[in-house]
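Encoded as structure tokens, the structure appears first; notes follow it.
Please read these numbers as outputs of a predicted model, since none were measured by experiment. Order of the sequence lines fixes the chain letters, A, B, ..., with proteins taken first and strands second; residue numbering starts at 1 for each chain.
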Amino acid sequence: MPDYTSVTIKQGRGGWGGPLTVTPTDDKPLIYSVTGGGIHPVAARIAELTGGEAFDGFKSSAPFEKIAVAVIDCGGTARVGVYPMKKVLTVDVHATSPAGPLAQFITEELFVSGVKPEDVEPA
Amino acid sequence: MSESSASSNVVYESSVTAVGDQVGEFLSHGILIFFADESPQELHDMSVRHTATVSDAGPQTGDTIALGETQMEVLAVGSVVSDNLLQLGHLDLKANGLTEATLPGDVNVAEQLLPLPTPGDAFRIVRAGQPTPGGSP
């Protein structure tokens with residue numbers, strides 16, 4: 001059984017929201033990357049520091065309740081809202097702010113944006 | 001299929017495979033969201049899904065987006081649009097008439113009632129005119 005540790009993820013330049021503290025658990029082990037080109041470096045860094053499991057959401061599907069944090073490369077409309085709406089901690093690598101039809105679900109407690117790998121640090 | 005004319009170029013050609021239950025709600029905001037057929041399940045409700053047969057380039061200002069019978073001129077394109085379309089089949093189409101992209105994922109077209117696609121509809125991006133440097137002869 002892996003040991004998990006926590007990370008703090010703060011907003012990057014021009015970003016919004018957070019900081020988020022992410023701690024994977026046996027029930028929620030997945031660092032879920034819903035990004036182009038495979039596992040994003042931000043997701044890889046979170047997985048490396050926490051002991052969570054990096055998971056490519058475009059390659060295979062995961063049960064939603066297994067997700068510790070979702071990493072997205074969203075341009076501001078769709079994915080920024082989908083994961084917070086389901087109360088999943090969400091990290092956008094682009095510097096977006098709450099917008100779009102789902103903006104009401106995007107809160108500082110659930111969402112942080114503009115994040116680069118160096119914005120992820122051991123908590 | 002009709003032949004492409006000498007002065008225009010299909011840079012993206014796809015076919016709609018499924019239309020999510022929430023797509024109509026997004027349409028009422030003047031927004032259509034596209035994702036590739038193999039996108040994660042949690043995105044299906046809000047998305048028009050499709051499979052591309054040509055995936056050469058993302059849209060540019062001045063291109064025409066054809067969706068079923070509807071043709072729309074592209075007014076503005078955000079900075080992450082091409083990556084999203086070519087890697088994830090993802091595009092956020094907004095009928096807001098704005099000539100600057102407010103969000104990095106926006107593709108803006110004229111204010112209009114966007115069509116509700118049905119499976120089998122074509123989704124196509126056509127580039128007018130000029131030769132593409134390093135492109136096909």
Side-chain angles (χ1 to χ4, degrees), chain A residues 12-16 30-40 43 55-67 69-90 92-106 113-115, chain B residues 19-52 55 58-59 76-96 98 100-109 114:
Chain A
R13 203 167 148 199
W16 188 91
L30 300 183
I31 315 301
Y32 186 71
S33 197
V34 191
T35 49
I39 305 281
H40 191 276
F55 190 94
D56 184 343
F58 269 85
K59 280 237 175 78
S60 38
S61 65
F64 224 74
E65 62 277 9
K66 297 263 185 198
I67 299 173
V69 61
V71 176
I72 59 178
D73 57 353
C74 177
T77 300
R79 282 169 291 168
V80 286
V82 170
Y83 299 94
M85 181 173 65
K86 302 188 184 220
K87 304 292 178 205
V88 173
L89 296 176
T90 305
D92 194 354
V93 302
H94 296 314
T96 52
S97 299
L102 304 177
Q104 57 181 315
F105 300 106
I106 304 170
S113 71
V115 173
Chain B
V19 178
D21 288 345
Q22 286 176 15
V23 169
E25 206 175 308
F26 279 80
L27 268 186
S28 67
H29 289 88
I31 298 173
L32 264 181
I33 293 169
F34 296 83
F35 268 105
D37 208 31
E38 64 269 26
S39 60
Q41 196 175 3
E42 63 271 15
L43 301 174
H44 294 180
D45 271 358
M46 66 187 338
S47 305
V48 175
R49 284 185 290 147
H50 62 102
T51 32
S55 178
V77 177
S79 57
V80 306
V81 168
S82 267
D83 281 351
N84 272 336
L85 182 64
L86 299 181
Q87 295 183 352
L88 306 175
H90 175 41
L91 189 137
D92 296 328
L93 188 66
K94 301 202 171 169
N96 56 19
L98 300 177
E100 288 200 19
T102 313
L103 298 172
D106 288 356
V107 175
N108 297 346
V109 297
L114 293 169

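Note: B:Pro40 leads B:Pro40, B:Gly105, B:Ser28 in heavy-atom pairs under 4.5 Å with chain A. Ranked by heavy-atom pairs under 4.5 Å with chain B, the first of A:Arg79, A:His94, A:Lys59, A:Lys86 is A:Arg79.
Both the backbone and the side chain of A:Ala78 come within less than 4.5 Å of a heavy atom in chain B. With a 4.5 angstrom heavy-atom cutoff, B:Gln41 does not touch chain A via any of its atoms. Heavy atoms of B:Ile31 lying under 4.5 Å from chain A belong exclusively to its side chain. Proximity to chain B is limited to the backbone of A:Thr35, based on heavy atoms less than 4.5 angstrom apart. With a 4.5 angstrom heavy-atom cutoff, B:Asp83 does not touch chain A via any of its atoms.
The side-chain contact (heavy atoms from CB on, under 4.5 Å) with A:Val82 is formed by just one residue from the set B:Leu43, B:Ile33, B:Asp45; it is B:Leu43.
Smallest separation of non-hydrogen atoms from A:Thr96 and B:Pro104: CG2-CG, 4.2 Å. Nearest heavy atoms, A:Leu102 versus B:Met46: CD1-CE, 3.7 Å. Shown here for B:Val80 and A:Gly75, the closest heavy-atom pair between the two residues is CG2-CA, 3.8 Å. In terms of heavy-atom proximity, B:Leu103 sits nearest to A:Gly76 at CD1-O, 3.5 Å.
Remark: B:Gln87 CD to A:Asp73 CG distance equals 7.0 Å, nearest 0.5 Å. In this structure, SG in A:Cys74 is found 7.5 Å from CG in B:Asn84, a value given to the nearest 0.5 Å. In this structure, the separation between CD1 on A:Ile67 and CD on B:Glu42 is 6.0 Å, given to the nearest 0.5 Å. Note that NE2 of B:His90 and CZ of A:Phe58 are 8.0 Å apart. Values are rounded to the nearest 0.5 Å. Rounding to the nearest 0.5 Å places CG of B:Leu93 at 10.5 Å from OG1 of A:Thr77.
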